[in-house]
Peer 1: 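Attaching a single structure in structure tokens format; questions to follow.
Note on naming: letters A, B, ... go to the chains in the order of the sequence lines (proteins, then strands), and numbering restarts at 1 for each one.
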Amino acid sequence: MRIEDVHQRLLDRFGAQAIRELKTGVKDPWIEVAADRIADVARFIHDEPDIKLDGLNDLCGSDWLDTDPKKKNPCEPHVEVVYHLYSYTHKYFCKLKVKTPRWTDGQAGQLPQVPSVAGVWGIADWHEREAFDLVGIDFTNHPNLRRILCPEDWEGHPLRKDYEFPLEYHGVRGK
Amino acid sequence: MSLTLEDPRIIEFDVRTDEMLVNMGPQHPSTHGVLRLLLKTDGEIIHEVTPHIGYLHRCAEKIGENLATPQWIPYTDRMDYLAAMNMNLGFALTVEKLIGMEVPEKAMTLRVIISELNRIASHLVGMGAYGLDLGTFSPFLYAFREREIILDLFEEVCGARLTYSYITVGGATHDLPGEITIPPGLAQLTGRDPNMRLQWVDAVRMFLDWMTPRIKEYHTLLTRNAIFIKRTADLGILTREMAISYGCTGPVLRGSGVDHDLRRDGEPIYTRMYEGYNYKIPVAPFTDPEYGKLPKEVVLGDNWCRFFVRMMEVVQSISLVRQAMDKYPTSKGEYRVPYKMSTKLPSDEVYLETECPRGQMGFYVVGDGDAEPFRARAKSSCFCNLSITGPLCKGVLIADIPAIVGSLDIVMGEIDR
């Protein structure tokens with residue numbers, strides 16, 4: 001099974017509305033999936049016997065606030081969730097991506113929403129908590145979306161590119 | 001006249017005990033660092049375990065976005081500080097994959113020697129500390145006696161004993177040393193003159209020759225010890241499906257019977273390092289006659305299996321180091337390819353996992369045309385292995401929690417990053 005075959009199977013099953021693009025010509029090719037369909041797609045690729053991506057190696061978010069025109073890769077500001085998958089049954093890697101706006105409705109502070117895949121892979125529970133904590137992504141239907149690495153009362157999401165370190169935290173001076 | 005439950009004369013239909021919240025850690029010695037477990041117990045029986053992590057959080061990923069890639073190598077040391085060489089290797093390989101660099105054969109052989117030696121040292125700590133968790137002190141002392149010599153040898157290689165920053169993008173910072181004074185521990189143990197001068201590779205060989213027969217002693221002390229078996233076998237059973245679903249890797253995964261090791265099944269940039277070597281991958285239920293007869297209490301995926309995988313990997317690593325050292329003098333090329341700090345990373349992104357002693361450590365690096373990565377992510381293997389504690393500890397006794405958490409062999413520096 002190659003990523004092209006997975007892409008074709010997903011296109012047949014979910015249509016071009018949900019499966020946005022197959023990015024090739026890069027070191028690790030990826031499939032971009034519409035944010036609202038990711039939970040269904042995850043369930044499908046996990047259960048389907050000939051795809052069977054049963055291992056979630058990594059799930060992480062990254063913030064693309066990249067409006068510098070001098071950069072080689074100009075892009076619209078957005079937030080990505082990257083899923084690195086592996087099939088222990090068929091022994092191949094696969095990579096999925098979900099892109100959402102940085103804030104819901106363009107209102108700063110309104111975290112973007114992505115459906116949770118914690119019901120599909122057990123480890124996604126903790127990885128999504130970490131992505132929520134550090135990048136600021138609201139995983140809907142997550143069983144227990146709390147901060148995991150930062151303290152519960154921490155403000156902001158440190159891996160956002162426009163994050164500012166707090167001036168003070170419980171009497172400890174920052175900056 | 002029969003009574004019903006609603007009868008006001010019945011005060012208590014059944015005797016119930018109260019649920020109690022017990023806080024274990026973050027300073028508890030058996031939590032291997034600053035792990036805090038919140039136990040919901042009914043008497044001695046655990047109902048629920050909630051791990052709280054983050055006490056060592058330094059946000060290394062944010063720091064990585066502001067440093068050139070070789071500058072971030074010292075931060076990877078401080079993640080899994082018991083296997084810092086393997087962490088250096090993982091990140092160096094990820095950057096090499098991103099920029100499409102090929103390291104020479106000599107550098108690859110050097111990396112095999114160094115990372116397998118570090119695997120031995122790391123598993124020795126895992127073994128000794130697990131003994132401590134279960135209440136036996138002696139294996140810890142033996143393990144640290146052996147590890148001390150490996151640290152002395154590493155000190156000769158790069159000057160540091162714990163945070164090496166030795167393996168770097170393009171190869172390693174220095175070639176292996178030539179003539180050295182024998183490490184004091186090794187001189188004492190083998191009865192040599194403490195001022196003896198010898199080649200570094202010969203010192204490694206001398207150490208391995210001395211250590212190989214000692215492994216039998218560890219088995220007598222721990223693996224085949226009746227008390228040890230009673231405390232570990234048939235406890236904390238992790239099924240194959242659960243191990244895969246919870247992203248467990250390394251000895252935890254192989255202890256559950258999944259035959260998967262990235263040194264053989266990984267991506268080509270990593271597996272070509274191990275091409276041409278003869279080694280076995282120990283996987284539960286250990287059907288190979290070389291492993292001997294298992295104690296009859298052992299169940300696939302229990303604490304004992306995870307521990308035994310580590311012990312057997314030490315044997316394999318010793319053999320790998322020996323083979324690599326035989327290969328080293330005739331390996332072609334240099335020990336490194338020069339890499340400038342200001343080298344611009346291409347606008348691409350790569351993810352690479354390597355087989356560290358504790359599991360598969362992954363690095364995800366996004367370049368955007370600058371020397372600093374746009375996003376540097378470290379996926380921790382212990383983080384995934386620890387996430388299994390909740391389901392695994394349901395219904396066990398409080399005293400068994402250290403036995404289960406210890407068998408996962410976690411390092412908090414890597415979990416919190």
Peer 1: With a distance cut-off below 6.0 Å to the six-membered ring centre and an angular limit of 45° from the axis, does A/R160 pair with A/W103 as a cation-pi contact?
Peer 2: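 Flagged: A/R160 positioned over aromatic ring of A/W103.
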Peer 1: Counting only non-hydrogen atoms closer than 4.5 Å, can you tell me which residues of residues 129-144 of chain A sit against chain B?
Peer 2: A/E130, A/L134, A/V135
Peer 1: If we check side chain to side chain donor-acceptor pair (under 3.5 Å) with B/H47, which of these qualifies: B/E19, B/K40, B/K394?
Peer 2: B/E19
Peer 1: Looking at B/D259, B/I53, B/D265, B/V258, which one has more heavy-atom pairs under 4.5 Å with chain A than the rest?
Peer 2: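 Most heavy-atom pairs under 4.5 Å with chain A: B/I53.
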Peer 1: Using non-hydrogen atoms only, which part of B/T50 is less than 4.5 Å away from chain A: side chain, backbone, both, or neither?
Peer 2: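 Looking at B/T50, just its side chain touches chain A.
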Peer 1: So which heavy atom on B/A378 is nearest to which on B/F363, and how close?
Peer 2: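 In terms of heavy atoms, the two residues are closest at CB-CE2, 3.7 Å.
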Peer 1: Counting distance only, does the side-chain N/O of B/R58 pair as donor-acceptor with the main-chain N or O of B/G413 below 3.5 Å?
Peer 2: yes
Peer 1: Can you name the nearest heavy-atom pair linking B/I388 to B/N385, along with the distance?
Peer 2: CG2-O, 2.9 Å
Peer 1: Taking every heavy-atom pair that is under 4.5 Å apart, which of B/P391, B/G54, B/S245 has the most such pairs with chain A?
Peer 2: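 Maximum pair count with chain A is reached by B/S245.
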Peer 1: Which answer fits B/C59, side chain, backbone, both or neither, if we ask what part of it has an atom under 4.5 Å from a heavy atom of chain A?
Peer 2: side chain
Peer 1: Quick check on A/E168: does its CD atom have over 12 non-hydrogen neighbours (other residues, nucleotides or ligands) under 6.0 Å away?
Peer 2: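 Counting other residues, nucleotides and ligands, CD of A/E168 exceeds 12 neighbours.
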Peer 1: Could you look at B/F383 and say if it's the side chain, the backbone, both or neither that has a heavy atom under 4.5 Å from chain A?
Peer 2: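 Contact with chain A is through both the backbone and side chain of B/F383.
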Peer 1: Mind running side chain to side chain contact (heavy atoms under 4.5 Å, CB included) on B/L345 and B/I99 for me, showing each step along the way?
Peer 2: CA-CA 6 Å; B/L345 299 175; B/I99 59 179; 3.9 Å; yes
Peer 1: Which residue in the set B/R358, B/Q360, B/E414 passes side chain to side chain donor-acceptor pair (under 3.5 Å) when paired with B/S381?
Peer 2: B/E414
Peer 1: Under a 4.0 Å N-O cut-off, is there an ion pair linking A/R2 with A/D5?
Peer 2: yes
Peer 1: Is a side-chain donor or acceptor of A/W154 paired with a backbone partner of A/Y169 at a separation under 3.5 angstrom?
Peer 2: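 No; judged by distance alone, with no hydrogens or angles, the pair does not exist.
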Peer 1: Does the distance from a Lys or Arg side-chain N to an Asp or Glu carboxylate O, for B/R264 and B/E355, drop under 4.0 Å?
Peer 2: no
Peer 1: Given that the side chain runs from C-beta out, which part of A/H46 has a heavy atom under 4.5 Å from chain B: side chain, backbone, both or neither?
Peer 2: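 The answer is neither part of A/H46.
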Peer 1: Are there residues of residues 7-28 of chain A whose heavy atoms fall under 4.5 Å of chain B's heavy atoms? If so, which?
Peer 2: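 Contacts with chain B: A/V26, A/K27, A/D28.
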Peer 1: Between the side chain of B/D370 and the main-chain N/O of B/E372, is any donor-acceptor distance below 3.5 Å?
Peer 2: no
Peer 1: Is there a donor-acceptor pair closer than 3.5 Å between any side-chain N or O of B/R36 and the backbone N or O of B/V34?
Peer 2: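 Not confirmed, B/R36 side chain does not pair with B/V34 backbone.
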Peer 1: Indicate the atoms forming the closest heavy-atom contact of B/E267 with B/K97, along with that distance.
Peer 2: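 Looking at all heavy atoms of both residues, the shortest contact is OE1-NZ, 2.6 Å.
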Peer 1: Between A/D63 and A/H157, is any side-chain donor less than 3.5 angstrom from a side-chain acceptor?
Peer 2: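 No, no side-chain donor-acceptor pair sits under 3.5 Å.
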Peer 1: For residues B/Y351 and B/E353, is any side-chain donor paired with an opposing acceptor at under 3.5 Å?
Peer 2: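 A donor-acceptor contact under 3.5 Å links the two side chains.
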Peer 1: Relative to chain A, which segment of B/I415 carries a heavy atom at a distance below 4.5 Å: side chain, backbone, both, or neither?
Peer 2: backbone
Peer 1: Where does B/E241 contact chain A at under 4.5 Å (heavy atoms): side chain, backbone, both or neither?
Peer 2: neither
Peer 1: Measure across B/C384 and A/I123 and return the closest heavy-atom pair with its distance rounded to 0.1 Å.
Peer 2: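 Residues B/C384 and A/I123, closest heavy atoms: CA-CD1, 3.6 Å.
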Peer 1: Checking an interface table here. Which of residues 52-59 of chain A come within a heavy-atom distance under 4.5 Å of chain B?
Peer 2: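 Within residues 52-59 of chain A, near chain B: A/D54, A/G55, A/N57, A/D58, A/L59.
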Peer 1: Tell me, do B/D416 and A/L149 make a side-chain contact under 4.5 Å, heavy atoms counted?
Peer 2: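 Yes. Closest side-chain heavy atoms under 4.5 Å.
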Peer 1: Minimum heavy-atom separation for A/V117 to A/A42, with atom names?
Peer 2: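 Nearest heavy atoms, A/V117 then A/A42: CG1-CB, 3.6 Å.
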Peer 1: In terms of heavy-atom proximity below 4.5 Å to chain A, should B/E61 be classed as side chain, backbone, both, or neither?
Peer 2: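 B/E61 touches chain A through backbone and side-chain heavy atoms alike.
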Peer 1: Identify which part of B/L98 has an atom lying under 4.5 Å from any heavy atom of chain A, answering side chain, backbone, both or neither.
Peer 2: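 Only the backbone of B/L98 comes within 4.5 Å of chain A.
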Peer 1: What I want to check is whether the side chains of B/T69 and B/Y339 have a donor and an acceptor closer together than 3.5 Å.
Peer 2: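 Yes, B/Y339 and B/T69 have a side-chain donor paired with an acceptor closer than 3.5 Å.
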Peer 1: Is B/L352 close to chain A through its backbone or its side chain, or both, or neither, when contacts mean heavy atoms under 4.5 Å?
Peer 2: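 Contact with chain A is absent: no heavy atom of B/L352 under 4.5 Å.
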Peer 1: Is there a side-chain contact between A/V82 and B/R377 (heavy atoms, below 4.5 Å)?
Peer 2: no
Peer 1: Specify the closest pair of heavy atoms between B/T249 and B/G359, including all atoms of both residues, with the distance to one decimal.
Peer 2: OG1-CA, 3.6 Å
Peer 1: Do any of residues 83-102 of chain A come closer than 4.5 Å to chain B, heavy atom to heavy atom, and if so which ones, in number order?
Peer 2: A/H84, A/Y86, A/Y88, A/K91, A/F93, A/K95, A/K97
